[in-house]
Structure formats: C-alpha cells, structure tokens
> 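Here it is, the structure, as structure tokens.
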Amino acid sequence: MIFKNSLEFAQSLDKKDPLNRFKEAFHFPQIDGKDVIYFTGNSLGLQPKSTKKFVDEIMEDWKNLAVDGHFYSNKPWWDYHERLAPPLAKVVGAKITEISVMNSLTINLHLLMVSFYRPKGKRFKILCEEKAFPSDQYMFQSQVKFHGYNPDDAIVEIKKREGEHHWHMEDVLNKIQEVGNELALVLIGGVNYYNGQVFDMQKITKAGREQGALVGWDLAHAVGNVNLQLHSWGVDFAAWCSYKYMNSGPGNASAIFVHERHLTDENMPRFEGWWGTKKESRFKMEPQFEPIGTADSWQISNPPVLALAPYLASLEMFEEVGMASLIEKREILVAYLAFILEEISRELETDFEIITPEDRGCQLSVFLHGEGKSLHKYLHQNGVITDWREPNVIRLAPAPFYSSFEDMFRFGQILKQGILN
Ligand SMILES: *Cc1c(COP(=O)(O)O)cnc(C)c1O
C-alpha cells in the first residue's frame, strides 16, 4: 500500500477499518478536554466501557448474597475463573485444559519454574535474552540461588551483536546448540519489552526441546498482540499478565499455559493448594491432594473474583473480534506509524532510528537522536501519551483495538511541532 502523510488519507484508512468502531468501546483519559492519543497500551491498556458492569455484578452479588454468591450468583464465584479459559485459549492458541487464570505474572513464572526448572547434574543452565525484563532477571537469579547454584554459572544470556539493537535468530539457535546438554530451561520474553522484537517462538521451542531442555515463554508483551500457537508449537509452559494489551486493569490477574503433555505427569513437582484439587472432593476437606488434571492443578488459592471480572469483560471483546483481525489491522497501523516517522525525519532532516526489527508486533521503539526529555513532555502536554526511556528512546505502541490511523497522522503533526519548537 502506498501511504500518504495527510489527514484525508488517514481518515480514508479509518473508514475502511472494520475495527474502527471499537474506539468508542474504551474510556480515554483527557488532556485539555480532548481524548489523548494513547501509545502505552503495552504498559497499561485502556479501560473498556463494559468493564464496570462486570465488576458491579460481583459487587451486587456480594452485597445481596454474601457467601451464597459462591454457588448461587448468576456467575458463581467458585468456578468463575473457568469462564476465562475458553476465550483465552483462542488468544494464545491452546486447548482449554492447558489454561488457568491465577495470581500475577512473576508469581506464576516462579510457580512454573518450581515445576519446570529442575536442574540435575550438569544440566542446570537457564538460557534467556540479554537485559531481560528486570523482574525476570531477579526471578532467574533467585531461583538459581534457591537451587544452590551461582547465577554467573547458571544463567546464560543471548547477546545482541556489537552496536546493534536486536537479536539474530541464528545467534539464539547457536547459543542453544552451544549450551547443549547443560541446558535445563529456555525462558525468554516472546516479545521483547524494550525493542519490541518478536522472537520466532516456534523455532526456538523446537531447538530447545531437541537439546533435551524445557522451553517456556514470558508472554507479557505478546498476548493480545501477536499470533500465538502455544499448543502446536509444543511450548512446555508460558505465563502472561493481562493489564497490557489485554486491557484488564492495573496489576491484574495473570494466566498460565501448561502443555497437555505435562498435565497428567504424576512426578511433576508443584506447589499445591486447595484450588488445584478435584472439585468433586475439594469441600470434603480431605488431606489427599488430587490434581484436577488441567492447568488448574497449578491453582493454589480461590481466585480474586473482583479482579477476574474486568479480565472477563476484556476477553468478551477479544472473543467478538478475534486475534486474526486485530493482527491484520495492527500490521497496517504500525506500518503507517513507521511511515509517518520516516516522513517527518526526512522533512526535518532529523535522525529517527527505529530500533524495532521487522519481526514486530504493536510496538515501535525509536531513538530520537538529538532530542531530549523535553520532547516527551511536549508530547504529553499536547495530548500524546508515550513511554520514554533514558537517554532518548520513545516506545510507541498503538493498540489496534482503540488506535486509529487518524491518531497516527495527528501524532506526527504534534511530534513535528515539538521538534521545531
Ligand atoms: C510487564 C512485565 C512483567 C510484569 O510482571 P508483574 O509480575 O506483572 O509485575 C514481567 N515480565 C515482563 C517481560 C513484562 O513485560
């Protein structure tokens, strides 16, 4: 498609966009009485207008039914979480039995590492990407130490090449080969939070498993953003949060994927609690743990239903729209944003360097050479919410659910003004 940096052109793309109407389905913060242009859906997604109804429903049931709400409310609480698994399974390409919603992300990754990081003999190494999200780094270090190893020996990072900002697949695969039979676990962010790169999860999973390692993915920036086929790719396990592209609200519930092949493994070590035991016998309060036999076996506590309500509201929207059409729109939208940035860079003879490689999802990370934090402030004052990382990287993630082509054009105009100022 040949793009144009004009309002008419942007509006013509919006007219053709079947998802355009969903902008109306979200609440936008306002600056100076106008809806903002929102680029931080990779950090905290906007609130769907339908969310409040789902939360109010729980509040009403609690008010009117109290403890009876567990079994006699319209959506009973004791198995409320089971409503989330079918739509989520579609979002991540899994079987329903492979999904469970619980806890928050780093907690879930720790719990999954209890099961899937089982260092033994010389097979004790974890492979991850260089400069992984800090929480993941702390997790790796503490897990390794918990097992009595030294992080310097046990954690192997896949490096970027000198002077480059992205990883090469070839280097990832070579590293897997190199660590070989010392490799216990591969655990990488499927979409890197900093440069927006999407890893080839299918190939990496296959390569890791061929070395006899287990392979898991942190999908915080991948879920609701890129195509995922966790089951057919043979991924061992994965976890993600729901407050980024899944629009479920600040710090909200995480979910896990455990591949079918592990669900009935009786030797699987796991930290267990009463919500992982069979429903039929749960309330008999017997000492014997009988795993449910689905990913719910990993559930420990009875779930925070008030937190699950917004997640369910969001999943209804994903169910209605489907990942395929979100991805289709996202590809054009992000390409249009890249085009606008290039146009402005050319016009103003500035040097914007998009460090996100072609394997990308929603996010473009851009080095604004020669610009400083004052530009970020200017954008904010003029109604554009972006994420700024020192020294001068701006992360732009136009979520296809609620971002329009006109937003991209208007952003370009404001950016230009901010640089000229
Ligand atoms: C956002 C994010 C997290 C956040 O972890 P929480 O436990 O939800 O605070 C973890 N890992 C990655 C890669 C992230 O992008």
Side-chain angles (χ1 to χ4, degrees), residues 38-46 84 88 91-92 100-114 116-117 126-143 155 157-158 160 165-167 172 185-199 201 204 215-226 228 230 235 237-257 271 298-301 303-304 307-308 310-311 314 355-356 359-365 385-389 393 395-397 399:
Y38 197 71
F39 281 114
T40 42
N42 57 346
S43 182
L44 180 68
L46 292 179
L84 285 81
L88 253 182
V91 172
V92 300
S100 184
V101 179
M102 57 195 216
N103 310 314
S104 44
L105 175 55
T106 311
I107 301 270
N108 279 342
L109 287 172
H110 270 299
L111 291 173
L112 288 165
M113 283 186 78
V114 167
F116 293 98
Y117 178 54
I126 299 174
L127 189 71
C128 62
E129 75 278 35
E130 174 185 31
K131 295 214 174 98
F133 191 83
S135 197
D136 297 33
Q137 294 190 47
Y138 308 146
M139 170 181 74
F140 292 138
Q141 291 161 16
S142 58
Q143 284 276 345
I155 303 171
E157 294 187 339
I158 307 155
K160 294 177 207 144
H165 302 291
H166 66 279
W167 289 269
V172 180
L185 176 67
V186 178
L187 181 46
I188 300 175
V191 175
N192 183 256
Y193 81 99
Y194 185 75
N195 72 355
Q197 176 169 4
V198 181
F199 285 95
M201 291 174 248
I204 294 172
V215 183
W217 293 94
D218 178 340
L219 301 176
H221 281 257
V223 70
N225 177 14
V226 301
L228 296 169
L230 301 181
V235 166
F237 69 95
W240 54 91
C241 51
S242 60
Y243 48 83
K244 294 173 179 171
Y245 295 108
M246 299 298 295
N247 312 319
S248 83
N252 207 358
S254 163
I256 64 164
F257 163 89
F271 287 171
W298 274 259
Q299 270 208 338
I300 295 179
S301 295
L308 299 190
Y311 200 175
S314 158
I355 63 170
T356 307
D359 299 324
R360 68 190 180 196
C362 242
Q363 174 179 328
L364 291 181
S365 302
I385 310 234
T386 60
D387 175 273
W388 186 271
R389 298 282 142 146
V393 170
R395 296 190 303 164
L396 303 167

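Atoms within a ligand are numbered from 1 in the order they appear, just like the ligands themselves.
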> For the pair Phe133 and Tyr193, name the ring-plane relationship: parallel under 30°, tilted 30 to 60°, perpendicular over 60°.
perpendicular
> Using the test side chain to side chain donor-acceptor pair (under 3.5 Å), find all partners of Tyr311 that sit at least two apart in sequence or belong to another chain.
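Tyr311 satisfies side chain to side chain donor-acceptor pair (under 3.5 Å) with Trp240 once adjacent residues are dropped.
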> Are any non-hydrogen side-chain atoms of Phe237 and Leu185 less than 4.5 angstrom apart?
yes
> Under a strict 4.0 Å criterion on non-hydrogen atoms, which protein residues are in contact with ligand 1?
Leu105, Thr106, Phe133, Asp136, Asp218, Ala220, His221, Tyr243, Lys244
> List for me each residue that meets side-chain contact (heavy atoms from CB on, under 4.5 Å) alongside Ser301, sequence neighbours excluded, and say none if there are none.
none
> For Asp136, enumerate each residue passing the side chain to side chain donor-acceptor pair (under 3.5 Å) test, keeping only those at least two apart in sequence or located in another chain.
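With sequence neighbours excluded, Asp136 shows a side chain to side chain donor-acceptor pair (under 3.5 Å) to no residue whatsoever.
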> Between Asn103 and Ser254, is there a side-chain donor-acceptor contact under 3.5 Å, judged purely by atom types and distance?
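Short answer, no.
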